[in-house]
There are 2 protein chains.
Amino acid sequence: MSWNQQLGKKFNKELILKEIFLHSDISRGDIIKETGLKKATVANLVNELIDENLILESGEEASTGGRRSKKLKFNEKAGFALGVDIGVNYIYGVVVNLRGEIIFEDVQTIHSAAFETYFERIISLIHLLMNKVPPCPYQIVGLGMAIPGIIDTGGNVLDAPNLQWKNIELKRMLEEIFQFPIYISNEANAGAYAEFTFTQNKEANNLLYLSVGIGLGVGIIINGKIYQGNNGYSGENGHTILNLNGKTCTCGRKGCWEAYASEHAALKEAENLINETSLTLEQLVQYADENNEKIRKLFQEIGFYIGIGITNLIHTFNPEKIIIGNSMTKAQRYVELALLETIEANTYPAHFETVSVEFSSLRGQAIAIGAATFIIDQFIELSSS
Amino acid sequence: MSWNQQLGKKFNKELILKEIFLHSDISRGDIIKETGLKKATVANLVNELIDENLILESGEEASTGGRRSKKLKFNEKAGFALGVDIGVNYIYGVVVNLRGEIIFEDVQTIHSAAFETYFERIISLIHLLMNKVPPCPYQIVGLGMAIPGIIDTGGNVLDAPNLQWKNIELKRMLEEIFQFPIYISNEANAGAYAEFTFTQNKEANNLLYLSVGIGLGVGIIINGKIYQGNNGYSGENGHTILNLNGKTCTCGRKGCWEAYASEHAALKEAENLINETSLTLEQLVQYADENNEKIRKLFQEIGFYIGIGITNLIHTFNPEKIIIGNSMTKAQRYVELALLETIEANTYPAHFETVSVEFSSLRGQAIAIGAATFIIDQFIELSSS
DNA sequence: AAAACTTTGTTTATCCGATAGACAAATAGA
DNA sequence: TCTATTTGTCTATCGGATAAACAAAGTTTT
């Protein structure tokens, strides 16, 4: 609420740490230029960060006519975080260092099962991950878990329709078993945070991450922070209506975006088109690779609908960047062109020219990494105090 | 960027000033409880604020068993701000005190004219307002102006389609004439800021203001601050598509929200329904008052479409509060029921129960007051430094 | 009415952060 | 080797917050 000197110090220390995180091999002098802090302040705080093992001195820069500067590096091996991405038919877990780089990963397929079975499998995966953490000053700094559903601010899963989970106190249940901090997030928010933190050096402060998987959700980064709304239910854009009286959605209403632009929509439509059942998205992509015109046209349509929804997002948020992730990235080469053409045709030039729309480069790993990143951020805020 | 002691002091001083602004007749002790600051800090900063004429001591509270506490009041008469709301056929100007209360207002009708004519009339209105400012310590703290169009962060009007203004350096032009600070904002943003600041004691940190006038726009408050996107073009929700291949919008595309839910849409539809031309919204309301069933049904439909768009906003933002303002408030009693029923039918209970949807109580004055409020906020941040 | 207690607000001494400027260290070029 | 230059540290000082003593102004108890 109010301010005091300790908070100010913490703020500056974090500022310096972030600077070093983003620009490896930066010198103390560079930090002075970037932050506007004075010599002595930077020297003091840098030395404290070294004492805390959060950064390292790593060799010296070439001289520019005087004493050589020492290079500073973020010590990404000071601790490790666990990230788990719960999918409809898989559990994907990672161990990442403090820079979000994966040092171990494991994926387990799971077929529609009761929550109890799911939970047991999750716990055993976490134990597996814990055993892969190397010795280091801070050990396991925490666990982040991403769920395709609505999560409230207390870490409770209110509704995850595709998993058929309802009202589960997931955070509390995990905290009873594990000693480290735990953060439960929505799948799209985790993806958004990973993209924001680990690509393009955080240049875009207003970023949207479009998770197009079985369902469709949006992760919203505003002013460099995740926006979760009043109770954590924001970004449910899969259920915004863009075609009144259109196709019926799984939610029972008509014309939702998700009913037109999602893996679920693609599979359902494809089953009608080519008269096959229990298709997968991978199969559809393969059919398209084999020049199946019906499937190629289907992907173009999906691209069109994703594009229309994105124009709505652009008119709402005027974002710097929109990143498309989750399973639909597998069909990137068949949806991308239609998608971009649709956006260009439906936005003002002033809007279109200032936004970049890209597919995620982190691919399937984004969500687990993002989940872990929430915990890494919490750790960094706590430790540099 | 970085922090220092002066910034910290400024922050605390502003915190105290806001506390006094929001809770009149608060005592020093109450401020200590609310902010967590310590006795001496509050005493020092309060005395500085008194010296700067920003607050006043106003009598004493009854005793509760010891020395009586002195009541503190925000000195809303320390300075005055000018607010101007540019409409399609009117210019509305106000002089407000630092609390945003109108002490003088003037409205001038203007018929579709070239920008030069508009500009002259605006200048003469501003001179009229300036003459109504009473003598006070800080004089005129600035001018805020709201425009129904797209404004960039430099105060340039990029496009105001209903005024037919394009690429006008409005802020620069006004600064050449007047000496005080000037802030140009979008109409919906101004409305949002007025509602946020002057109603309900700023309890809702995530608030949307829906401006339903000739066109339709949204002002977005996130974490207590106005959100304007990357270049100031956010909230153009009038042109989000909610009915693919539906009605043609003034922007040339099909199915925009604005084509269904705006004064323009209502008038166009009414002309077909009752075979009259050059109708006004006031006339339609009167027809409805006279039990014209066709018009009443039309308003119900408008309410339905506003409601559908609001459900999309709720799924996107999960806001605490949505306030509907601008000219459509005149038809509140005919659109409200259909609107609320549509929202309830199309949202999850978890979403619906945590959002309040209301009509603006500031009515037509909100936009001008909000425009002035941006300037008042700037003044308060500058002065308490 | 005097004494004791309570509440409110001010003053004083101290603490802790940032910071200016002196100083030390390390290097290139003359 | 000497000088200029750059980098990094040390020291004295400044400006905030704050704890604790103090003063002021009331109520309650005796």
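Treat the numbers as computed from the prediction; the structure is a model and nothing was measured.
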Ring geometry between F178(A) and F180(A) (parallel below 30°, tilted from 30 to 60°, perpendicular above 60°):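 Rings of F180(A) and F178(A): parallel, as their planes differ by under 30°.
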Mutual orientation of the aromatic rings belonging to Y193(A) and F374(A) [parallel < 30°, tilted 30-60°, perpendicular > 60°]: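 Judged by the thresholds at 30° and 60°, the geometry between Y193(A) and F374(A) is parallel.
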Check ion pair R28(A)-E57(A) (N to O, under 4.0 angstrom):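 A salt bridge is present here (some side-chain N lies under 4.0 Å from a carboxylate O).
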Neighbour count above 12 (heavy atom, 6.0 Å) for E176(A) CD: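 More than 12 within 6.0 Å, yes.
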Heavy atoms of other groups near K71(A) NZ, more than 12 under 6.0 Å: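 More than 12 heavy atoms, drawn from other residues, nucleotides or ligands, come within 6.0 Å of this atom.
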Grab the N/O contacts between the protein and nucleotides 14-18 of chain D below 3.5 Å, and write none if there aren't any.
unit_1	atom_1	unit_2	atom_2	d
dG15(D)	N2	Q5(A)	NE2	3.0
dG15(D)	N2	Q5(B)	NE2	2.7
dG15(D)	N3	Q5(B)	OE1	3.1
dG15(D)	N3	Q5(B)	NE2	2.9
dG16(D)	N2	Q5(A)	OE1	3.3
dA17(D)	OP1	N12(B)	ND2	3.4
dT18(D)	OP2	T41(B)	OG1	3.4

Shortest non-hydrogen contact from [X] toward [Y]:
X	Y	answer
K77(A)	C136(A)	O-CB, 3.3 Å
E381(A)	K10(A)	O-CE, 3.1 Å
N189(A)	G219(A)	OD1-CA, 3.5 Å

Residue pair T354(B) / N231(A), side-chain donor-acceptor N/O under 3.5 Å: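 There is such a pair (donor and acceptor under 3.5 Å, judged by atom type) between the side chains of T354(B) and N231(A).
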Contact list for DNA chain C against residues 57-70 of chain B - heavy-atom distance below 4.0 Å: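 Of all residues in residues 57-70 of chain B, the ones placing a heavy atom under 4.0 Å from DNA chain C are T64(B), G65(B), G66(B), R67(B), R68(B), S69(B), K70(B).
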Gap separating the CD1 atom of I140(B) from the CZ atom of F80(B), nearest 0.5 angstrom: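 Answer for the CD1-CZ pair, I140(B) versus F80(B), is 10.5 Å.
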For chain B, the stretch of DNA chain C it reaches, first to last nucleotide, under 4.0 Å of its heavy atoms: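 Result: dT6(C) to dT19(C).
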Nucleotide dT5(D), atom P - distance to NZ of K39(A) in whole Å: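 Between P of dT5(D) and NZ of K39(A): 15 Å.
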N47(A) CG - dG8(D) P separation (whole Å):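 Interatomic distance, CG of N47(A) to P of dG8(D): 10 Å.
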